[in-house]
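Here the structure comes first, spelled out in structure tokens, and everything after it is commentary.
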Amino acid sequence: MLDPGMYLRLVLAWLALSGCFDDRYTCATDADCDLGVAGRCEIDHACSSHDASCASGRRYSPHSGPESGTCFDDRIALADLCAAGQPPPLADACTSNVCRKLTACCETAWTEACVELAEIEPACNLTCVTRIAIVASRGASMTETWTLDWSGTAWTGTKHGGSVVAWLAPAPGKITPRLATIDPAGRALSVDDGTVVSFGADHDVRNVASVDFDRDGRDTVAIDYLDTQAPTADHAAIIKLGDRSVRELGALDATQRLSWGDYDHDGFPDAIGVNGSRYDYFDNAEPPDTSHIRGLNNITSRSMPGNMLGNTTPAVRSVDWVDFDNDGTLDAVLFGNAVRVHLGMNVLSVTPLFTLDCDPPSMTCSEAGYVSLAGAVVADPVRSQLLVSVDNEPAATPPTRNLYRITADTVGAPQALAFSPAACGTPCQPIRAVVVRDLDGDHQLDIVAIDAKLGVFVALSGSGGLSTLHALPSGLLPTTIDPAQSFTAVRVSVSGVPR
């Protein structure tokens, strides 16, 4: 008679040889994965362990079925190429061409620069509905939140409650981007798919964005918030929306409003945060211990030149990510008391590629007072462009409505775009935010500009190129701001769906 143990082993061997036995161990939590270093239960319920030789930093453990021993891959087939904040895409005719122009799109994440390149890439044949989330503020006591949508035939403005609104990437397997709202107290995140994440009384959330921080393919957002129990302390946290888990990343050295991009080109999204005239580069990195749980390291701090008179205007308004020097990797462009372009490398460069100041913007100027600059970057595989608006200071100086187009080879000679002669109030309000998208489906990038009273202007590229911005009907965003005042800051996030 066979020993029972021997009998079982013979049965298992026969099943394996006959192909009837699936050598796959399934997990439910990280605690179920004890093979290798820093075991993790992946989204497909197979175990992985840390392996620095993989682009994702993870390799499937034995007994993971066909994936056993292969590198974990967070790339996905993107159903919505119009939405930023998603994991890198699987290669096809469209994404391969985009990634030849900007490698970070397929090696780190699908960012807004990738969307712009896809809109003008013939192999993509992509036309998007454009959705813009707007946070307009004046100091700490006055904030309005809006969405501005372009369907392809009509514009719609919708007012929202809350202190922040921002577009999140579609949930895994879905096609529709989601609108996130932070409540007025900054203590809860609500997503329009019904997801709600509440925080403690010490949280005052200032910003939220989709980011595949861990490269694990899970539905992930990052927040940054002020600790109300220690008002000089700014913090960041990573939230997995699938299970509402929150992982604190620690203090940010009084830095706010994180913007995400792979600055050091290691395949993981880094962050640049701002506070006043200061901006900090944070590296997404593993700790020195053996946990391999990624966090943020403050690598470098820099400051914009000068301070705004009366301290009413943000010294750093926004950060944009684009391949400005066309070397295939992401660079950082900051708009505020000046415009600074930092080429991506392993640390934030001590000296920017160049700094623009004055009105009109110039690399060499002597400014008697201060100016504040807003704008965006037009991603282009041949010649990226800066779109820069200048707000004169001090406040007693009448502001002017302007928008300049600047390329790497015309930094010393910016081109002033024209505005249609429609009435704009007295005086005309300065442009506070700029969005770049293909609005009319001709696979050329167009401009949406928003001024300090939430007036909206659009320039379509057309056969003659971008030249004149035309005002959309007044009242599209019917702000309730005091007629004697204007918003000092307008922040935007952009998304969309194919149409």
>> For the backbone of Ser461 and the side chain of Asp446, can you confirm whether one donor and one acceptor N or O come within less than 3.5 Å of each other?
In response: yes
>> Between Phe354 and Phe324, does the ring pair (Phe, Tyr, Trp, His ring centres under 6.0 Å) criterion hold? Intermediate values first, please.
In response: CA-CA 12 Å; Phe354 59 78; Phe324 190 79; 5.7 Å; yes
> Does atom CZ of Arg383 have more than 12 heavy-atom neighbours, drawn from other residues, nucleotides or ligands, at distances under 6.0 Å?
Replying inline: no
> Going by the ring pair (Phe, Tyr, Trp, His ring centres under 6.0 Å) test, which pairs reach into residues 71-92, not counting sequence neighbours?
Replying inline: Tyr60-Phe72
>> Determine whether Ile447 and Val458 satisfy the following criterion, side-chain contact (heavy atoms from CB on, under 4.5 Å), listing intermediate values before the conclusion.
In response: CA-CA 6 Å; Ile447 299 173; Val458 170; over 6 Å; no
> Are side-chain N/O atoms of Glu144 and Thr479 paired as donor and acceptor at under 3.5 Å?
Replying inline: yes
> Do Asn207 and Arg491 come within less than 4.5 Å of each other through their side chains, counting heavy atoms only?
Replying inline: yes
> What pair of heavy atoms forms the shortest contact from Leu258 to Gly273, and how long is it?
Replying inline: CD2-CA, 3.7 Å
> Roughly how far apart are Asp380 CG and Ile120 CD1, rounded to 0.5 Å?
Replying inline: 5.0 Å
> Would His160 and Thr181 count as having a side-chain donor-acceptor pair, cut-off 3.5 Å?
Replying inline: no
>> Could you go through Leu148 and Ile134, starting from their C-alpha distance and side-chain angles, then the distance that decides it, and tell me whether this counts as side-chain contact (heavy atoms from CB on, under 4.5 Å)?
In response: CA-CA 8 Å; Leu148 178 63; Ile134 300 168; 4.1 Å; yes
>> Donor-acceptor check, side chain of Gln86 to backbone of Asp80, threshold 3.5 angstrom: yes or no?
In response: yes
> Ala332 and Tyr263: which non-hydrogen atoms are nearest, and at how many Å?
Replying inline: CB-CE1, 3.9 Å
> If only atom types and distance count, is the side chain of Ser96 paired as donor or acceptor with the main-chain N or O of Asp92 below 3.5 Å?
Replying inline: yes
> Which of these, Asp451, Thr488, Asp391, sits in a side chain to side chain donor-acceptor pair (under 3.5 Å) with Arg432?
Replying inline: Asp391
> Between Arg58 and Asp216, does at least one N-O distance fall below 4.0 Å, as a salt bridge requires?
Replying inline: no
> Counting distance only, does the side-chain N/O of Thr95 pair as donor-acceptor with the main-chain N or O of Leu90 below 3.5 Å?
Replying inline: yes
> How long is the gap from CG on Leu476 to OG1 on Thr156, to the nearest 0.5 Å?
Replying inline: 7.5 Å
> Which pair of non-hydrogen atoms, one from Pro170 and one from Ala83, has the smallest distance, and what is that distance?
Replying inline: CD-CB, 3.7 Å
> Does the side chain of Trp110 reach to within under 4.5 Å of the side chain of Val115, using non-hydrogen atoms?
Replying inline: yes
> Are the charged groups of Asp212 and Arg75 less than 4.0 angstrom apart, N to O?
Replying inline: no
> If every non-hydrogen atom of Arg317 is compared with every non-hydrogen atom of Leu373, which pair is closest and at what distance?
Replying inline: CD-O, 3.3 Å
> How far does CG of Leu343 sit from CG of Asp325, to the nearest 0.5 angstrom?
Replying inline: 4.5 Å
>> Tell me if a side-chain donor or acceptor on Ser210 pairs with a main-chain N or O of Leu168 at a distance below 3.5 Å.
In response: no
>> I'd like to know if the side chain of Asp219 and the backbone of Pro172 have a donor-acceptor N/O pair within less than 3.5 Å.
In response: no
> For atom CG of Asp440, is the number of surrounding heavy atoms from other residues, nucleotides or ligands below 6.0 Å larger than 12?
Replying inline: yes
> Checking salt bridge (charged side-chain N to carboxylate O under 4.0 Å, His left out) for the pair Arg206/Asp224: CA distance, chi angles, key distance, verdict?
Replying inline: CA-CA 6 Å; Arg206 305 297 180 86; Asp224 47 89; over 6 Å; no
>> Under the criterion side-chain contact (heavy atoms from CB on, under 4.5 Å), I'd like the reasoning laid out for Gln444 against Leu439: C-alpha separation, chi angles, the key distance, then a yes or no.
In response: CA-CA 8 Å; Gln444 299 183 67; Leu439 300 175; over 6 Å; no
> Looking only at side chains, do Lys453 and Ser486 share a donor and an acceptor under 3.5 Å apart?
Replying inline: no
> Do Thr147 and Arg131 touch side chain to side chain, with heavy atoms closer than 4.5 Å?
Replying inline: no
>> I need the minimum non-hydrogen distance between Pro352 and Arg340, along with the two atoms involved.
In response: CG-CD, 3.7 Å
> Does the separation of the ring centres of His342 and Tyr279 fall below 6.0 angstrom?
Replying inline: yes
> Taking side chain as C-beta onward, heavy atoms only, is Ser384 less than 4.5 Å from Val378?
Replying inline: no
> Considering only heavy atoms from C-beta outward, does the side chain of Leu296 approach that of Asp283 to under 4.5 Å?
Replying inline: no
>> Taking NZ in Lys174 as the centre, count heavy atoms belonging to other residues, nucleotides or ligands within less than 6.0 Å. Is the count above 12?
In response: no
>> Side chains of Asn275 and Arg257 only: does a donor on one sit below 3.5 Å from an acceptor on the other?
In response: no
>> Less than 6.0 angstrom from the centroid, inside 45 degrees of the normal: does Arg215 satisfy that with respect to the ring of Phe268?
In response: yes
>> Working note: Ser259 + Trp321, criterion side chain to side chain donor-acceptor pair (under 3.5 Å); need CA distance, chi angles, decisive distance, verdict.
In response: CA-CA 9 Å; Ser259 179; Trp321 297 88; 2.9 Å; yes
>> So does His443 get a backbone contact from the side chain of Glu119, meaning a donor-acceptor N/O pair under 3.5 Å?
In response: no
> Under the 3.5 angstrom rule, does the side chain of Asn326 hit a backbone N or O of Val382 as a donor-acceptor pair?
Replying inline: yes
>> Treating Asp323 as the side-chain partner and Gly328 as the backbone partner, does any N or O pair qualify as donor plus acceptor under 3.5 Å?
In response: yes
> Checking side-chain contact (heavy atoms from CB on, under 4.5 Å) for the pair Phe213/Arg247: CA distance, chi angles, key distance, verdict?
Replying inline: CA-CA 11 Å; Phe213 185 84; Arg247 183 169 96 240; 3.6 Å; yes
> Looking at CG of Asn284 and CZ of Arg294, how far apart are the two atoms once the value is rounded to the nearest 0.5 Å?
Replying inline: 4.5 Å
> Which distance, rounded to the nearest 0.5 Å, do you find between the CD1 of Ile450 and the CH2 of Trp146?
Replying inline: 11.5 Å
> Parallel, tilted or perpendicular: which fits the ring planes of Tyr225 and His203, with parallel below 30° and perpendicular above 60°?
Replying inline: parallel
> Measuring from Leu445:CG to Leu460:CG, what's the distance to the nearest 0.5 Å?
Replying inline: 11.5 Å
> Distance-only, no hydrogens or angles: does the Asp193 side chain make a donor-acceptor pair with backbone N or O of Thr195 under 3.5 Å?
Replying inline: yes
> Quick check: are the SG atoms of Cys99 and Cys105 less than 2.5 Å apart?
Replying inline: no
> Under a 4.5 Å cut-off applied to non-hydrogen side-chain atoms, are Ile406 and Val388 in contact?
Replying inline: yes
>> With a 4.5 Å cut-off on side-chain heavy atoms, are Thr255 and Arg278 touching?
In response: yes
> Under 4.5 Å between any side-chain heavy atoms of Asp74 and Ile43, yes or no?
Replying inline: no
>> Can a side-chain donor-acceptor contact be found between Asp280 and Asn298 if the only test is distance below 3.5 angstrom?
In response: yes
> Where is the tightest heavy-atom contact between Ser493 and Ala166, given as atom of each residue plus distance?
Replying inline: OG-CA, 3.4 Å
